[in-house]
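Read the structure below first, then the notes.
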2 protein chains.
Amino acid sequence: MKRNSRLSLALHTLSHMAGDPDRVRTSAAIAEHAGTNPVVVRRVLGRLREAGLLTSEKGHAGGWRLARKPGEITLADVYLALNERLVAGRENADTPECAVERALQERVAAVLEDIERSLVKRLTETSISEVRGG
Amino acid sequence: MKRNSRLSLALHTLSHMAGDPDRVRTSAAIAEHAGTNPVVVRRVLGRLREAGLLTSEKGHAGGWRLARKPGEITLADVYLALNERLVAGRENADTPECAVERALQERVAAVLEDIERSLVKRLTETSISEVRGG
DNA sequence: TTAAATGTAACCTTTTCTGTTGCATGTTTC
DNA sequence: GAAACATGCAACAGAAAAGGTTACATTTAA
């Protein structure tokens, strides 16, 4: 795992789960499949749970389960759940003194925000079951 | 400068130059405006030069100049010049043994490639002069 | 009570990027 | 020809982000 690994891991896991919904999977098993660590899995899937895409159960026979049908989970749901902002930065701003410069910076930021929205819109058009399915 | 700083810096600089094309600007002056370092500027703008978006001249009274009209430089040109791949990873792959797992991984990668292409296509629709202009 | 799972905090390591310094090279001006 | 000023580039330091790992508390079922 290297780059964009959170998104990759999330998509990989969800797609995998889509193949047999209602089945419970442990972090350890998922980590095994994804070639990573159970804690890392819990970190990423925790975000997805907060967003209502997954449920988790503690204790014996606990684990992770899809909270919705695979066809009702879009890539945008996943992307937003992870709080990634690939295009637009996370409020990088150190505001320059010069007004012209500041205005230009805001223009650039606004354009990147626009691109980000386009990206999310595009992500809305694909569901997890499509990732798996073909 | 923090996140997506290369893309930000490039867009900021190009937009700035679009305001007065044909004028030569030094790395030092650009760095001043952008709140960063001349070497960083040269690193980023060097990529843009390789892509044919800028020209640079050494020596006394040298510096950077737009190689095309601002209206003929799209955000996709800039993005691709920087060799950024925001969505799709840069060949992260460590191929897993299991064939099913490997196939799934390839599916995810293919989807992300698709998204990446959509992003670039979207970037093609905006030019530098539009960034500046409003 | 024990085993097995998540939830979290803490820490290390790796990776990536920016910032910086230094110097070679090229170009104009005097 | 020398000096001033620009890019080009290599090398290194430092910060920041992310993954990997360990440890432990908590919860739940057998």
Side-chain angles (χ1 to χ4, degrees), chain A residues 1-13 17 23-51 53-67 79 82-86 88-94, chain B residues 1-10 12-13 17 23-51 53-67 82-86 88-94:
Chain A
M1 295 255 122
K2 280 200 194 106
R3 196 116 207 265
N4 280 118
S5 58
R6 284 194 302 260
L7 186 57
S8 280
L9 174 57
L11 293 181
H12 187 103
T13 302
M17 295 176 89
R23 176 172 148 205
V24 175
R25 287 169 172 83
T26 68
S27 304
I30 293 169
E32 181 79 8
H33 285 136
T36 182
N37 190 287
V39 177
V40 174
V41 170
R42 284 196 283 265
R43 277 207 280 253
V44 171
L45 299 196
R47 303 271 193 105
L48 304 185
R49 184 194 52 229
E50 288 169 20
L53 307 182
L54 290 176
T55 60
S56 67
E57 282 159 25
K58 290 178 151 187
H60 201 110
W64 300 88
R65 206 189 302 258
L66 289 179
Y79 178 79
L82 294 178
N83 203 28
E84 307 236 341
R85 304 207 57 184
L86 260 26
R90 271 100 111 165
E91 288 135 44
N92 302 350
D94 52 355
Chain B
M1 295 253 118
K2 282 200 192 108
R3 195 117 206 266
N4 280 118
S5 57
R6 285 193 303 260
L7 185 57
S8 279
L9 174 58
H12 186 103
T13 302
M17 296 176 88
R23 174 170 148 207
V24 176
R25 287 170 173 84
T26 66
S27 304
I30 294 169
E32 182 79 8
H33 285 135
T36 182
N37 190 285
V39 179
V40 174
V41 170
R42 284 197 281 268
R43 275 207 281 254
V44 171
L45 298 195
R47 303 269 192 106
L48 303 184
R49 184 193 54 228
E50 289 170 20
L53 307 182
L54 290 176
T55 60
S56 67
E57 283 159 24
K58 288 178 155 188
H60 201 110
W64 300 88
R65 206 189 302 259
L66 288 179
L82 294 177
N83 203 27
E84 306 237 342
R85 303 206 59 183
L86 260 26
R90 271 100 112 168
E91 287 135 42
N92 302 351
D94 53 355

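Given the structure is predicted, the values throughout are model-derived calculations rather than measurements.
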> Looking only at heavy atoms, which two atoms of A:E84 and A:R6 are closest? And how far apart?
Replying inline: OE2-NE, 3.2 Å
>> Just the rounded figure in Å: distance from P of D:dC9 to CG of B:L45.
In response: 13 Å
> Of the nucleotides C:dT20, D:dA18, D:dT7, which has the atom closest to the B:R43 side chain?
Replying inline: C:dT20
> Does A:S5 put a side-chain nitrogen or oxygen below 4.0 Å from OP1 or OP2 of D:dG19?
Replying inline: yes
> Which heavy-atom pair separates B:P38 from B:A31 by the least distance, and what is that distance?
Replying inline: N-CB, 3.4 Å
> Which nucleotide, C:dG19, D:dG8, D:dG20, lies nearest any side-chain atom of A:T36?
Replying inline: D:dG20
>> Within this structure, what is the OG1-CG distance for the pair A:T55 and A:L48, rounded to the nearest 0.5 Å?
In response: 11.5 Å
> Rounding to a whole Å, what distance do you find between B:R47:CZ and C:dC17:C1'?
Replying inline: 11 Å
> Taking atom C1' of C:dG7 as reference, at what distance in whole Å does atom CG of A:N37 sit?
Replying inline: 14 Å
> Is the closest side-chain heavy-atom distance between A:L66 and A:L54 below 4.5 Å?
Replying inline: yes
> Between B:S56 and D:dT7, does any side-chain N or O lie under 4.0 Å from OP1 or OP2?
Replying inline: no
>> Are A:T13 and A:V44 packed together at the side-chain level, in the sense that at least one heavy-atom pair is separated by less than 4.5 angstrom?
In response: no
> Looking only at side-chain N and O atoms, does A:S27 come under 4.0 Å of OP1 or OP2 in C:dT6?
Replying inline: yes
> So A:E57 and A:R65, side-chain contact (heavy atoms from CB on, under 4.5 Å) or not? Walk me through it.
Replying inline: CA-CA 9 Å; A:E57 282 159 25; A:R65 206 189 302 258; 4.0 Å; yes
> What closest approach, in Å, do A:L82 and A:R47 show between heavy atoms, and which atom pair accounts for it?
Replying inline: O-NH1, 2.7 Å
> Which atom pair, heavy atoms only, marks the closest approach of B:I30 to B:W64?
Replying inline: CD1-CD1, 4.2 Å
> Rounding to a whole Å, what distance do you find between A:L7:CG and D:dA18:C1'?
Replying inline: 15 Å
>> Does a side-chain N or O of B:R49 approach OP1 or OP2 of D:dT7 to a distance below 4.0 Å, or not?
In response: no
> Over how many whole Å does the gap from A:H12 atom NE2 to D:dG19 atom P extend?
Replying inline: 15 Å
>> Angle between the two end axes of the helix from C:dT1-D:dA30 to C:dC30-D:dG1, five base pairs per end, rounded to 10 degrees?
In response: 10°
If you restrict it to nitrogen or oxygen atoms, what contacts under 3.5 Å exist between nucleotides 24-27 of chain D and the protein, and what is each distance?
| residue | atom | partner | partner atom | Å |
| --- | --- | --- | --- | --- |
| D:dT27 | O2 | A:G59 | N | 3.4 |

> Of all the nucleotides listed (C:dG19, D:dA18, D:dT22), which has the minimum atom distance to the side chain of A:V39?
Replying inline: D:dT22
>> Could you report the tightest heavy-atom contact between B:V24 and B:G63, atom names first, then the distance?
In response: CG1-CA, 3.5 Å
> Can you tell me how far P of D:dA30 sits from CD of A:E57, to the nearest Å?
Replying inline: 12 Å
> What are the two closest heavy atoms between B:A34 and B:L9, and how far apart are they?
Replying inline: CB-CD1, 3.5 Å
>> By nearest atom, which of the nucleotides D:dA18, D:dA6, C:dT18 is closest to the A:R6 side chain?
In response: D:dA18
> Expressed in angstrom and rounded to an integer, what is the separation of B:E50 atom CD from D:dT7 atom P?
Replying inline: 16 Å
>> In this structure, how many angstroms lie between the P atom of C:dT16 and the CG atom of B:L86, rounded?
In response: 15 Å
